[in-house]
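Some notes on the structure that comes next.
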Amino acid sequence: EMSVTEMFSNIQEYLSADQDVREDIRKVVQVLEQTAREILTVLQSVHQPSGFKDIPSKCLKARELFCTVRNHLGDLKTKFPAEQYYRFHEHWRFVLQRVTFLAAFVVYLEGETLVTREEVAGILGIEVDREKGFHLDIEDYLSGILTLASELSRLAVNSVTAGDYTRPLRISHFINELDSGFRLLNLKNDPLRKRYDGLKYDVKKIEEVVYDLSIRGLAKEQEGASTGDQ
Amino acid sequence: EMSVTEMFSNIQEYLSADQDVREDIRKVVQVLEQTAREILTVLQSVHQPSGFKDIPSKCLKARELFCTVRNHLGDLKTKFPAEQYYRFHEHWRFVLQRVTFLAAFVVYLEGETLVTREEVAGILGIEVDREKGFHLDIEDYLSGILTLASELSRLAVNSVTAGDYTRPLRISHFINELDSGFRLLNLKNDPLRKRYDGLKYDVKKIEEVVYDLSIRGLAKEQEGASTGDQ
Amino acid sequence: EMSVTEMFSNIQEYLSADQDVREDIRKVVQVLEQTAREILTVLQSVHQPSGFKDIPSKCLKARELFCTVRNHLGDLKTKFPAEQYYRFHEHWRFVLQRVTFLAAFVVYLEGETLVTREEVAGILGIEVDREKGFHLDIEDYLSGILTLASELSRLAVNSVTAGDYTRPLRISHFINELDSGFRLLNLKNDPLRKRYDGLKYDVKKIEEVVYDLSIRGLAKEQEGASTGDQ
Amino acid sequence: EMSVTEMFSNIQEYLSADQDVREDIRKVVQVLEQTAREILTVLQSVHQPSGFKDIPSKCLKARELFCTVRNHLGDLKTKFPAEQYYRFHEHWRFVLQRVTFLAAFVVYLEGETLVTREEVAGILGIEVDREKGFHLDIEDYLSGILTLASELSRLAVNSVTAGDYTRPLRISHFINELDSGFRLLNLKNDPLRKRYDGLKYDVKKIEEVVYDLSIRGLAKEQEGASTGDQ
Amino acid sequence: EMSVTEMFSNIQEYLSADQDVREDIRKVVQVLEQTAREILTVLQSVHQPSGFKDIPSKCLKARELFCTVRNHLGDLKTKFPAEQYYRFHEHWRFVLQRVTFLAAFVVYLEGETLVTREEVAGILGIEVDREKGFHLDIEDYLSGILTLASELSRLAVNSVTAGDYTRPLRISHFINELDSGFRLLNLKNDPLRKRYDGLKYDVKKIEEVVYDLSIRGLAKEQEGASTGDQ
Amino acid sequence: EMSVTEMFSNIQEYLSADQDVREDIRKVVQVLEQTAREILTVLQSVHQPSGFKDIPSKCLKARELFCTVRNHLGDLKTKFPAEQYYRFHEHWRFVLQRVTFLAAFVVYLEGETLVTREEVAGILGIEVDREKGFHLDIEDYLSGILTLASELSRLAVNSVTAGDYTRPLRISHFINELDSGFRLLNLKNDPLRKRYDGLKYDVKKIEEVVYDLSIRGLAKEQEGASTGDQ
Amino acid sequence: KMEDQDDGTNTTSAVMAAFKSFQLELDTKHDKYERLVKLSRDITIESKRTIFLLHRVTSVPGVAEVLAESEVKLDGVRLKIKQIAEELRGQDLHQYHRAFTPGIQEYVEAISFQHFIKERALISLEEINKKLIFVKDNTKEAEGDQGTSSESIQESREGAVYFQVTPTDYLLGIADLTGELMRMCINSVGNGDIDTPFQLSQFLRQIYDGFSYIGNTGPYEVSKKLYTLKQSLGKVEDACYTLRVRGSEIPTHMLADVFTTRAALIDPDEGIS
Amino acid sequence: KMEDQDDGTNTTSAVMAAFKSFQLELDTKHDKYERLVKLSRDITIESKRTIFLLHRVTSVPGVAEVLAESEVKLDGVRLKIKQIAEELRGQDLHQYHRAFTPGIQEYVEAISFQHFIKERALISLEEINKKLIFVKDNTKEAEGDQGTSSESIQESREGAVYFQVTPTDYLLGIADLTGELMRMCINSVGNGDIDTPFQLSQFLRQIYDGFSYIGNTGPYEVSKKLYTLKQSLGKVEDACYTLRVRGSEIPTHMLADVFTTRAALIDPDEGIS
Ligand SMILES: [Mn+2]
Ligand SMILES: [Mn+2]
């Protein structure tokens with residue numbers, strides 16, 4: 001009889017420890033989400049008519065906040081054994097996709113390039129390879145990139161409203177490249193596939209913006225001028 | 001442009017590899033389920049009136065089939081990197097709970113004791129500690145044990161039908177101990193908790209069997225005799 | 001322009017024809033369901049305390065109604081080309097499972113045996129082999145058999161109420177055999193699997209009835225007498 | 001007792017065989033999807049400003065890839081008995097609609113005509129008549145055609161961006177004809193009906209493109225010139 | 001005992017009769033939908049550049065087809081007791097909204113006026129007041145009118161393409177009036193409310209067409225002339 | 001512009017504070033559940049054959065543990081404003097029903113009386129009236145009482161096993177009174193109603209035990225003696 | 001800014017007038033619907049309370065008193081149904097059916113439960129509807145305190161007001177009744193009443209057979225309730241089974257004692273027929 | 001048959017007495033809940049009608065009149081909220097919250113819409129609550145025709161009655177407001193009003209940013225509405241985009257004509273800021 005009690009006592013100890021780990025993870029994730037929302041607030045202001053002027057300063061501010069993200073993620077790593085990443089994956093999956101999107105957005109705004117998985121990992125202070133430690137799962141990276149696509153279709157619209165007629169063309173080019181990339185992938189019927197199906201709407205939306213500019217001769221007009229700027 | 005294509009090609013390679021791993025796992029799990037069903041068929045016959053006689057031989061036969069289980073599980077381990085256990089956990093979770101129950105049932109029938117996690121791991125040829133390799137997760141162990149409880153409540157009923165009036169008392173004792181053990185655990189609102197809530201029905205059912213024997217004076221009659229047997 | 005209109009006219013012709021076929025099928029299925037409900041009403045009366053006396057006459061009456069079933073199914077076959085069975089399968093799937101159950105119930109009540117797929121096909125006037133024409137799909141056969149199991153667990157209860165204490169034992173034996181049979185199958189996670197999971201509750205229910213009779217010495221008492229009857 | 005076991009063993013054999021067939025089909029469908037994505041990538045480039053120049057060469061390239069499609073479909077046919085087409089229809093339904101669309105797109109780009117069901121069947125190396133073997137179901141054909149409509153509304157937009165002001169008018173004419181054709185059909189409340197409801201948005205979109213050209217006098221300008229081209 | 005069976009027989013009879021009525025209604029509704037599609041095809045051609053010339057003849061043709069509609073509706077009335085209109089409302093609701101729209105479209109094309117509920121009832125050969133017999137529900141009337149609004153926004157676009165620059169202004173005037181009318185209504189969160197939500201986009205679209213004409217001085221030119229026409 | 005941001009900041013602050021309160025409450029509730037499980041373990045042993053002897057000492061031990069419960073509940077009160085009891089009710093509802101049951105069980109075991117709401121409140125160190133502070137909701141009290149009923153039906157069974165044939169009669173009397181009480185209530189279709197629906201099965205079970213004793217003359221024998229005890 | 005709108009609205013008073021009348025028509029309809037929803041809620045609550053009351057017959061001696069009290073309650077419910085009938089006077093009942101169907105179903109459940117307790121039989125749709133013919137009665141009317149709804153009642157027409165329960169609402173109410181009968185059965189066992197469970201199992205089986213006979217030809221909501229109905233029947237059959245099994249033990253033991261100490265228990269064989 | 005039950009019930013009047021008091025307590029609570037549900041439904045309907053009325057400002061010349069009319073309607077709604085407040089006097093608001101939350105959210109939507117039209121600003125929770133402090137007023141009270149609910153109002157205490165909208169209900173009401181603002185935006189474009197869309201897009205973006213900032217820390221119902229909110233913002237941004245794009249064509253064509261024939265159209269550049 002004794003032994004059963006003992007055995008279950010041991011098990012309870014294990015379960016408690018597990019619950020403590022999850023509690024710890026949840027707390028870090030919560031502050032991480034808070035920081036992510038702050039970065040979003042900073043970056044979302046580029047949609048304001050006035051916001052187009054000082055994109056660089058917004059990017060700088062976001063970059064600073066990514067320091068905090070790195071700290072939180074550094075903290076997160078310490079909360080559980082490295083090889084149990086997938087045991088707790090669901091806890092941080094959402095927020096990791098979120099900050100990946102934010103990193104991709106910053107990188108795009110800075111240089112209009114597609115952030116690589118390596119770059120995201122660098123910005124977040126985590127690994128690319130699963131073997132090396134807390135890493136960025138490939139599905140999470142792709143999910144973050146798809147969020148960027150839909151944000152850029154909104155940016156194309158708002159940049160026209162703000163009087164910038166060349167940006168949509170560049171966005172269109174960027175998004176088409178991204179679309180070609182995704183077409184190389186054989187996605188299963190999972191959440192990622194569903195999100196990818198949304199990409200074609202972003203592509204179409206941006207094409208229509210470019211069309212509106214083209215038919216009014218607005219695309220060409222500015223193009224000459226702005227090409228010099230870049 | 002080139003680099004985006006390259007990047008996505010790499011990603012596709014990764015995704016393909018992942019899908020292959022899952023396919024491999026699925027195949028092993030399928031044969032494992034087959035073997036589990038065979039063991040169940042062997043053990044099920046103890047519920048038959050005739051089945052009470054040759055329990056030891058049934059247990060032996062089941063023990064033999066557990067060799068096959070060990071082989072399949074040995075095979076399963078080779079299909080994926082050890083540290084990604086939780087990445088693919090869902091694939092084998094169900095069958096692992098199943099064979100845990102079967103191991104617990106055999107052990108109970110052999111010596112009327114509660115199988116420990118170590119023993120189950122031994123029977124299945126896997127580890128107890130997560131660090132050491134493919135292991136038996138504690139929740140899966142507990143889930144298997146709860147299946148045993150409900151199997152024993154059925155056994156109590158059928159042993160009376162078969163004319164064995166002392167077994168229900170012993171089962172009652174065993175189940176009460178198990179129940180006390182579980183009461184030490186602080187379970188979350190997860191599937192395990194739900195399954196645990198079913199335990200009290202097993203306890204009650206067995207108590208009612210014992211009651212039926214008591215009120216008819218059937219419990220006492222044999223008690224003296226059977227105590228000698230054991 | 002002409003050709004597009006023509007083409008779509010042809011397509012519409014095709015679609016109309018298809019809809020007519022479906023309409024025809026639906027109508028036959030509707031009367032088939034009506035007949036099935038009539039057979040059910042006849043057979044369900046065996047659960048009445050008085051119903052246990054004249055089971056044979058009920059079976060005869062049901063057998064007569066199966067003539068009508070055969071006619072309807074004969075009619076159904078003429079409504080569509082034989083090789084398009086699976087194109088319209090969903091239309092009659094449910095009712096075919098229903099009449100399979102009813103056939104299995106009649107056969108059980110008559111001789112306490114498990115109806116084979118061949119027998120069901122014979123009673124329904126259809127084929128077993130898909131190649132030979134309108135046939136009974138194996139999943140539909142199995143589904144009908146599972147409905148029988150749950151009907152028999154109810155019958156075990158009601159036969160005790162009606163004072164027949166031996167029938168439950170025979171039902172118990174029958175159901176255990178059925179259970180062993182099903183354990184040989186590797187069912188996918190489909191509706192059939194779900195229904196099969198219910199079988200264990202029927203098994204348990206009947207075992208408890210047998211238990212209740214055993215502990216009160218009722219099973220044995222009648223057994224001697226009734227064994228002579230059979 | 002023996003016979004029940006035997007019977008279920010036979011049934012299990014049947015079920016296994018069925019699962020193997022499905023597995024085989026799934027594999028072929030997967031590579032077929034891969035090839036479909038490759039064709040799509042080839043054809044997608046017509047939306048690029050540069051893509052309008054060498055449409056013929058793109059069509060040739062796509063035509064070559066259709067050889068592979070034919071091979072895969074030829075392979076698929078061998079995986080199951082011909083008369084069980086509808087038993088497994090769901091497995092390839094989606095991809096068949098996909099390659100139908102791609103065939104329709106190629107045919108449109110080549111000669112601005114609506115592909116017939118016969119032509120699609122020819123390109124895919126399958127049958128039109130169900131009786132003759134693996135065929136193209138009419139609903140799947142129609143579904144592929146509706147995908148073409150939405151692709152053309154996108155093409156109308158992008159051809160304006162690329163400076164081709166006459167193509168939208170021709171597309172408008174084509175789509176109106178298609179719309180009239182569909183209006184001849186009496187569709188049920190099924191997925192196809194839902195997809196058809198989307199056609200009116202494509203019609204409207206193209207009309208708005210033509211309007212944009214008209215009000216700016218862009219439609220007429222080129223019209224004279226381009227009529228000569230055709 | 002007899003009485004329960006009798007009661008259920010009575011109810012079953014009622015339910016059968018009900019289904020027969022519904023079946024009859026469905027059949028009439030189906031041919032009505034067919035006729036509605038034919039009228040639509042006649043009227044759709046006004047969107048074609050060539051279609052603007054002979055609107056009167058199209059209206060005449062549509063008027064003829066409305067005879068058939070009246071016959072079908074006359075038939076429909078005979079299928080069920082007059083006072084149970086709303087019991088079966090869902091069956092014909094959709095098609096009644098459809099023919100209301102078509103009547104409204106014809107009336108608009110003939111005289112550019114808004115058809116009244118009385119006029120629609122007249123064209124369809126039904127009543128306005130529920131008390132008098134088969135009538136036009138107010139929400140169905142309003143729904144048909146909303147379809148007209150969206151058809152007219154499309155007509156405004158296409159009339160510009162066809163070179164008729166005054167029609168959009170007249171449509172604008174008409175739609176604005178309609179919009180003012182609808183703003184008086186308090187709608188529940190039902191399908192009508194949802195359809196009404198689309199009206200503002202029609203108004204917006206027409207406003208945009210008028211704007212496009214205004215800034216090009218195209219509206220004014222003809223304005224004087226067309227005002228005289230009205 | 002400033003003001004919108006400010007407003008949302010205020011709300012965010014409120015939400016954060018709210019979450020902190022909930023977090024605090026959850027922690028206290030968790031330890032309370034732990035204590036409740038300990039009391040349950042103490043009281044559960046009365047179901048054991050040996051447990052019937054020293055009920056008073058078990059009650060004493062439970063009484064001691066109720067001190068801890070009082071402390072925890074005292075702590076809980078400090079975590080939120082007193083007048084917002086129902087805002088956070090869901091957090092402690094379950095555990096409060098649990099400890100109410102435990103208090104009712106102790107009181108029953110001590111004196112075979114039904115604990116009043118006032119008594120429970122006294123044992124738990126909380127209020128009866130909402131106005132006076134942290135109180136025991138009436139539905140939670142009733143729910144706890146219903147758990148007692150089902151525990152007593154189990155106790156009736158086990159007391160027979162333990163050879164105490166008079167307790168079931170006293171329990172029967174007690175439960176019948178409780179049942180009469182509950183029948184006075186008009187419950188909504190809520191969880192309490194569902195739990196109340198179980199009461200009739202407890203009453204039935206106890207009636208069956210009493211019946212079993214009656215027909216064996218076991219009830220009468222001791223009856224005289226035990227009435228004296230009370 | 002909106003000048004052209006202005007004269008638009010002025011010159012087209014015909015359209016605006018039409019829409020003003022539409023506004024009135026729609027608002028009137030919605031208001032009526034809302035009043036009916038409120039009446040339905042009241043009916044539901046009061047019917048449910050009647051059912052609770054009726055369950056007391058298995059524990060309380062005065063069956064007659066409980067029945068009398070339930071009659072008073074149901075009279076109250078019928079007054080509400082009368083208000084519905086008055087709202088629907090001259091209307092198409094089906095237009096507002098969704099507004100009051102929950103209440104009516106609950107009333108069918110309550111009245112059929114009461115009827116079973118009194119008569120041990122199933123009340124017919126006709127009997128239910130017969131009780132819903134109301135004679136014009138101004139005194140009763142004034143008594144009702146629902147000021148809001150009485151405003152719109154048109155009492156001008158002569159003769160009775162009546163309400164017709166639809167067969168579907170009747171079926172759905174009866175389907176729910178079976179749940180209450182199951183409760184009553186288990187309660188009876190708990191109270192040592194042996195007749196009632198066997199009566200109830202017979203009765204429930206008849207209803208179950210009736211529903212099986214209708215099968216899926218009825219409305220979807222009925223099919224949905226078939227599963228619960230089957231479960232209720234199972235519970236009642238199990239209860240009868242247990243009574244039979246435990247009854248089987250009497251003869252072998254001290255039978256005399258049973259009759260002296262528990263006069264309530266009669267030979268279960270009598271209960272079976 | 002049930003003799004032992006009998007004396008059971010007689011001797012144990014304490015338990016029965018307790019349960020009789022429970023019966024009273026539960027029924028009182030349920031009745032109050034039901035009255036609150038009815039009040040909530042009334043509030044919802046009247047608030048929705050106010051919103052419809054307010055949308056007329058974009059088509060009708062007399063903004064002031066519409067606003068005045070909406071104020072009258074909202075006064076009516078507030079009288080209902082006063083009744084809720086009276087029901088809740090001395091109660092824990094959260095105990096009955098589920099009964100009236102739909103109505104209160106709809107009221108928040110209506111009052112915040114009215115406030116935006118008047119002030120082009122977001123009404124604060126404090127401002128909303130300030131309007132829900134009611135002075136005891138017997139004349140107003142008698143006016144209300146809800147005889148049933150006034151029975152249980154305890155007017156004995158001195159001073160004001162007040163109602164407090166919870167931050168969550170406020171948030172949910174504001175989330176719905178954004179849908180109405182989107183409608184107003186598209187209506188404005190249709191009526192040739194160019195200022196309003198740009199103002200609305202600014203305002204909506206602020207609210208959207210606010211909701212993003214709260215993110216998933218709020219209650220689940222708020223998160224659910226985020227998607228619709230984003231869609232509404234998208235529609236408004238698209239509308240502004242279209243205005244900008246089409247505005248770009250003016251200078252290249254006959255600009256003078258535009259100003260003479262369509263004086264309503266001002267230079268869209270002004271509208272952007
Ligand atoms: Mn009920
Ligand atoms: Mn709204």
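Note that the structure is predicted; figures quoted are calculated from it, not measured. Just so it is clear: chains get the letters A, B, ... in the order the sequence lines come, proteins before strands, and each one is counted from 1.
Proximity to chain A is absent for every atom of B:S180, based on heavy atoms less than 4.5 angstrom apart. With a 4.5 Å cut-off on non-hydrogen atoms, B:L184 touches chain A through its backbone and its side chain both. Interface remark: A:R183 contributes no atoms to any contact with chain B (heavy atom separation under 4.5 Å). Contact annotation for A:S16: neither backbone nor side-chain heavy atoms come within less than 4.5 Å of a heavy atom of chain B. Both the backbone and the side chain of A:L185 come within less than 4.5 Å of a heavy atom in chain B. The contact between B:Q19 and chain A is made entirely by side chain atoms (from C-beta outward), counting heavy-atom distances below 4.5 Å. With a 4.5 Å cut-off on non-hydrogen atoms, B:F182 touches chain A through its backbone and its side chain both. Using a 4.5 Å cut-off between heavy atoms, B:I11 contacts chain A through both its backbone and its side chain.
No donor-acceptor pair under 3.5 Å is formed between the side chain of B:E208 and the backbone N or O of B:K205. Remark: side-chain polar atoms of B:Q12 are paired, donor with acceptor, to backbone N or O of A:N186 under 3.5 angstrom. Between the side chain of B:S159 and the main chain of B:L155, a donor-acceptor pair closer than 3.5 Å is present. Put simply, the side chain of B:R87 never gets that close to the backbone of A:Y86: no donor and acceptor are under 3.5 Å apart. Using modelled atom types, no side-chain atom of A:R70 and backbone atom of A:L124 make a donor-acceptor pair closer than 3.5 Å. With hydrogens and angles ignored, the 3.5 Å screen pairs a side-chain donor or acceptor of B:D164 with a backbone N or O of B:T166.
When side chains are defined from C-beta on, B:D18 does not count as touching B:L15, because their heavy atoms never get closer than 4.5 Å. Counting heavy atoms from C-beta outward, A:R63 and A:V106 have side chains that approach closer than 4.5 Å.
Taking the centre of each ring, B:F174 and B:Y108 come in below the 6.0 Å mark.
Interface with chain A: from residues 131-140 of chain B, residues B:E131, B:D137, B:I138, B:E139 qualify, criterion being any non-hydrogen pair under 4.5 Å.
Each of B:D20, B:V29, B:V28 was evaluated against B:K79; a single residue qualifies, B:V28, per the side-chain contact (heavy atoms from CB on, under 4.5 Å) test.
Counting heavy-atom pairs under 4.5 Å between each of B:R130, B:R117, B:H89, B:E13 and chain A puts B:R130 at the top.
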